[in-house]
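Chain naming here is simple, since letters A, B, ... match the order of the sequence lines and numbering starts at 1 in each. Not measured: the values here are computed from a predicted model.
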Amino acid sequence: MLIFKEFNIRTPEREILIDISNEVSKIVRSANISNGICHIFIPHTTAGITINENADPSVTKDIITYLNKLIPQGGSLGYRFRHGEGNSDAHIKSSLVGTSLSIFIHEKRLMLGTWQGIYFSEFDGPRNRKVYVQIQGE
Amino acid sequence: MLIFKEFNIRTPEREILIDISNEVSKIVRSANISNGICHIFIPHTTAGITINENADPSVTKDIITYLNKLIPQGGSLGYRFRHGEGNSDAHIKSSLVGTSLSIFIHEKRLMLGTWQGIYFSEFDGPRNRKVYVQIQGE
Amino acid sequence: MLIFKEFNIRTPEREILIDISNEVSKIVRSANISNGICHIFIPHTTAGITINENADPSVTKDIITYLNKLIPQGGSLGYRFRHGEGNSDAHIKSSLVGTSLSIFIHEKRLMLGTWQGIYFSEFDGPRNRKVYVQIQGE
């Protein structure tokens with residue numbers, strides 16, 4: 001069985017990780033699939049998808065802030081970005097964090113680890129964004 | 001249904017992102033699958049696969065150049081690479097960018113975002129490279 | 001057909017890449033699937049999964065050491081991590097390297113490239129860790 005869903009989110013800041021575990025879990029539950037896989041895809045070039053800790057909000061803050069130190073919006077390390085829109089940092093972060101991810105489904109639930117949440121990774125907000133979800137299984 | 005294809009590319013420079021969206025799209029069209037998923041895998045350790053903007057060529061230039069500032073071929077940050085082949089930077093970039101990626105298929109077309117292209121990511125060319133594509137669907 | 005397995009590993013150091021190709025290959029062989037795909041998922045937030053060279057051990061040493069130069073445990077680039085557990089660097093590395101990966105199966109074998117091995121990526125060990133493997137195919 002194959003189910004496709006998409007949902008929208010509004011990102012409130014330029015750089016932020018937004019926990020979308022509940023939205024994805026709802027889609028998985030309603031898919032009524034016992035065992036299978038949930039693929040997530042982000043159809044944007046200045047955003048990504050990642051999994052990380054959902055207990056202490058300092059973790060996502062540290063990720064976003066440190067990525068920004070490594071790859072600042074205005075460039076660094078003696079290089080000036082050529083792309084005229086002023087968001088080359090976001091494109092680079094998107095390629096490093098990635099835009100696709102797959103999580104297993106067992107008994108209609110995502111098989112996430114104890115501390116894992118699914119995070120939409122915004123690197124050039126605030127924007128209206130889409131998340132694609134595809135579920136395969138039995 | 002399960003379809004496997006591979007194709008070859010020749011990368012012309014040491015570090016370059018090469019748009020392979022057309023090659024992958026052709027495979028998807030000929031697979032004649034209405035709804036499903038397209039998995040891409042790169043069987044190399046100094047290259048990767050990523051999705052990013054295909055409108056302004058400055059974007060891929062900025063990605064490649066800035067990755068090279070962060071991880072120069074000769075090392076940096078007080079560390080000299082141990083690996084004798086002079087391409088440890090390429091191995092590191094490969095692990096960060098990644099070697100596998102999955103894109104959904106709807107009505108025989110890849111569900112890419114408006115600005116998204118699929119890029120073979122060469123970090124130690126010029127070389128002859130392979131791209132593996134597997135399509136699953138109905 | 002859909003098969004799920006998990007296995008445990010004990011990581012001996014804080015930061016190390018551990019070759020789990022044999023463990024994954026065994027699962028693939030015993031699955032008795034001719035053609036399909038092997039998805040790997042790491043249910044941890046301070047570890048990841050990557051593919052890289054398995055010939056010269058200096059490569060994984062260079063990857064781990066250089067990632068640590070870019071993202072040291074104590075922070076760098078003028079930023080002090082907020083997360084109190086002293087492992088924000090590991091969370092960041094986990095999001096960059098990633099926690100899911102997919103490899104094709106042909107004639108009951110993983111379609112890895114000549115020099116490719118599958119590496120559990122420990123960034124905050126030593127710990128007991130789990131690896132999830134799901135195999136789909138015919």
Practice problem: Side chain from CB out, backbone as N, CA, C, O: work out which of these in Leu70(B) comes under 4.5 Å of a heavy atom of chain C, or both, or neither. | Solution: both
Taking donor and acceptor roles from the modelled atom types, list the N and O pairs under 3.5 Å across chain C and chain B.
| residue | atom | partner | partner atom | Å |
| --- | --- | --- | --- | --- |
| Gly36(C) | O | Gln134(B) | NE2 | 2.9 |
| Thr50(C) | OG1 | Ser95(B) | OG | 2.8 |
| Asn52(C) | OD1 | His91(B) | ND1 | 2.8 |
| Asn52(C) | ND2 | His91(B) | O | 2.9 |
| Asn52(C) | ND2 | Ser95(B) | OG | 2.8 |
| Glu53(C) | OE1 | His91(B) | NE2 | 3.3 |
| Asp56(C) | OD2 | His83(B) | ND1 | 2.7 |
| Asp62(C) | OD1 | Tyr79(B) | OH | 2.6 |
| Asp62(C) | OD1 | Arg82(B) | N | 2.9 |
| Asp62(C) | OD2 | Arg82(B) | N | 3.1 |
| Asp62(C) | OD2 | His83(B) | N | 3.0 |
| Asp62(C) | OD2 | Ser88(B) | OG | 2.6 |
| Tyr66(C) | OH | Leu70(B) | O | 2.7 |
| Ser102(C) | N | Ser100(B) | OG | 3.2 |
| Gln116(C) | NE2 | Ile42(B) | O | 3.0 |
| Gln116(C) | NE2 | His44(B) | O | 3.2 |

Quiz item: Under a 4.5 Å heavy-atom cut-off, does chain B meet the side chain of Leu67(C), its backbone, both or neither?
Solution: side chain
Quiz item: With only heavy atoms counted, which part of Ile40(B) is less than 4.5 Å from chain C, the side chain, the backbone, both or neither?
Solution: backbone
Self-check item: Close side-chain approach of Phe41(B) to Leu112(C), heavy-atom, < 4.5 Å
Solution: yes
Quiz item: What residue in Val97(C), Ile103(C), Ile37(C) has the most heavy-atom pairs under 4.5 Å with chain B?
Solution: Ile37(C)
Exercise. Sequence neighbours left out, what passes side chain to side chain contact (heavy atoms under 4.5 Å, CB included) with Pro12(C)? Give chain and number order.
Key: Ile16(C), Ile18(C)
